[in-house]
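Note sheet for the following structure.
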2 protein chains.
Amino acid sequence: MDTSVAFSPRIERLLDQASSVCAERGSRLTDIRRLVLGLVLDRGRPSGAYELLDRLRENNRGAAPPTVYRALDFLLEQGLVHRIERLSAFVACTHALEHAHGCSDFHAAQFLICRHCGEVTELENRGISHALRAAGAEHGFHISASTIEAEGTCAACRAKPAGMDGPAESRQ
Amino acid sequence: MDTSVAFSPRIERLLDQASSVCAERGSRLTDIRRLVLGLVLDRGRPSGAYELLDRLRENNRGAAPPTVYRALDFLLEQGLVHRIERLSAFVACTHALEHAHGCSDFHAAQFLICRHCGEVTELENRGISHALRAAGAEHGFHISASTIEAEGTCAACRAKPAGMDGPAESRQ
DNA sequence: ACCCGTTCTGTTATAGAGTAACATCAAGGT
DNA sequence: ACCTTGATGTTACTCTATAACAGAACGGGT
Ligand SMILES: [Zn+2]
Ligand SMILES: [Zn+2]
Ligand SMILES: [Zn+2]
Ligand SMILES: [Zn+2]
């Protein structure tokens with residue numbers, strides 16, 4: 001496969017960081033995994049698995065669905081990407097590489113999905129996760145993973161009037 | 001289609017109630033929609049669309065994917081069922097038919113999904129929804145719909161030891 | 001009763017998301 | 001060299017969901 005893919009300097013730096021984090025944990029950010037993470041970061045928006053596959057094929061002829069799903073599974077396990085359930089899509093974790101000190105805690109995140117422009121914002125609000133954990137505990141339920149996603153309109157899109165901007169596929 | 005499907009008296013009563021609620025709103029709980037809602041209620045667990053389709057076909061030969069998806073879309077709009085994103089499945093709303101007074105407020109619900117037995121519990125915790133709404137507002141984000149789901153172990157399954165009970169497909 | 005717009009349903013075909021199963025390959029240790 | 005482990009290649013599915021268009025049924029006005 002063609003290893004000479006170059007992302008922006010910022011992304012290459014994040015990828016190097018991700019690589020270090022994996023190494024510290026005894027896992028390996030292989031070429032394919034690195035490339036997929038790069039594609040997710042480069043997109044900056046939720047990416048569908050098959051959309052990633054198409055772009056993956058530009059550098060890795062012969063890539064098939066399992067190729068990208070395996071890479072995504074790994075990245076999810078490492079906390080480097082999140083899956084947005086409402087969109088069946090994937091985004092890079094905003095926090096994993098900023099606090100990159102081998103902290104393998106899986107942080108509980110919340111996502112704000114703008115219907116208008118498609119942008120996804122990742123929050124890390126301990127209060128919300130805690131409230132949910134407490135509500136579960138009241139019913140004797142032990143939570144091991146959670147999905148918290150909100151759909152609506154972001155600040156930027158609320159500022160604009162009834163716009164024809166933003167991707168057409170995100171309009172409704 | 002065969003209209004003479006009989007569910008349990010309890011479910012038939014809920015279906016009649018749902019029918020009234022729809023009528024008050026100017027929408028119609030047609031035979032197919034009523035049947036699908038009945039199947040979801042009857043199952044009492046998250047039901048996949050194609051699982052519903054199979055059971056729908058017992059009474060409605062010629063039912064196809066759009067048949068069940070249209071019915072589900074309607075029931076979702078009416079707040080009579082919820083979609084569990086993490087399972088790509090549907091459950092009947094616990095609250096819609098209990099407080100059946102034409103209140104078309106879409107309540108914000110949370111779901112506890114037991115990995116072990118597959119049971120889903122619906123919560124309606126105003127605190128959690130409010131906390132999420134507030135967190136969004138801090139970023140200028142206006143929330144119009146949200147998904148809050150937690151996966152873990154329910155009280156009953158925690159009581160049992162390492163069990164071989166519960167549906168095999170829910171084990172991991 | 002009849003007409004007509006709207007809503008609902010039938011039907012076919014296809015797109016999109018995800019996985020099973022098995023072969024192959026590469027790296028590292030003995 | 002041999003074996004083990006983890007990663008990738010490859011084929012073939014399954015499951016989830018929707019597009020597009022045709023026909024039937026309903027409901028309101030005349
Ligand atoms: Zn994150
Ligand atoms: Zn926006
Ligand atoms: Zn509900
Ligand atoms: Zn359980």
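The structure presented is a predicted model; accordingly, all values stated were derived computationally and were not measured. Sequence lines set the chain letters: A, B, ... in the order given, protein chains first and strands last, and positions in each chain run from 1.
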#### Entry: Nucleotide D:dA7, atom C1' - distance to CZ of A:Arg34 in whole Å
18 Å
### Message
Please report the distance, rounded to the nearest Å, between CZ in B:Arg33 and P in D:dA25.
### Response
16 Å
### Task
Walk me through it: do A:His107 and A:His82 pass the test side-chain hydrogen bond (donor to acceptor under 3.5 Å, both in side chains)?
CA-CA 11 Å; A:His107 75 122; A:His82 295 288; 3.1 Å; yes
#### Entry: side-chain hydrogen bond (donor to acceptor under 3.5 Å, both in side chains) evaluation trace for B:Ser146 with B:Arg133
CA-CA 9 Å; B:Ser146 61; B:Arg133 191 168 303 273; over 6 Å; no
### Query
Do the side chains of A:Phe7 and A:Leu39 get nearer than 4.5 Å, heavy atoms only?
yes
### Task
Could you grab the distance from atom CG of B:Leu37 to atom CZ of B:Phe74, nearest 0.5 Å is fine?
9.5 Å
### Task
Write down the atom of B:Asn125, the atom of A:Ala135, and the distance for their closest heavy-atom approach.
ND2-CB, 3.7 Å
### Query
Less than 4.0 Å between a side-chain N and a carboxylate O, is that true for A:Arg86 and B:Glu85?
no
#### Entry: Of A:Tyr50 and B:Arg28, the one whose closest DNA chain D nucleotide lies more 5'
A:Tyr50
### Message
Just to be sure I understand the geometry, which residues of residues 62-77 of chain B put a non-hydrogen atom under 4.0 Å away from DNA chain C?
### Response
B:Gly62, B:Ala64, B:Pro66, B:Thr67, B:Arg70
### Task
Name all residues meeting the ring pair (Phe, Tyr, Trp, His ring centres under 6.0 Å) criterion together with A:Phe141; count only those two or more places apart in sequence or in a different chain, and write none if there are none.
none
### Message
Regarding B:Arg34 and B:Glu12, does a basic nitrogen lie under 4.0 Å from an acidic carboxylate oxygen?
### Response
yes
### Message
So if I take residues 80-88 of chain B and measure heavy-atom distances to DNA chain C, which residues fall below 4.0 Å?
### Response
none
### Message
Looking only at the side chain of A:Phe90 (C-beta and beyond, no hydrogens), which of the listed nucleotides C:dG10, D:dA17, C:dG18 gets closest?
### Response
C:dG18
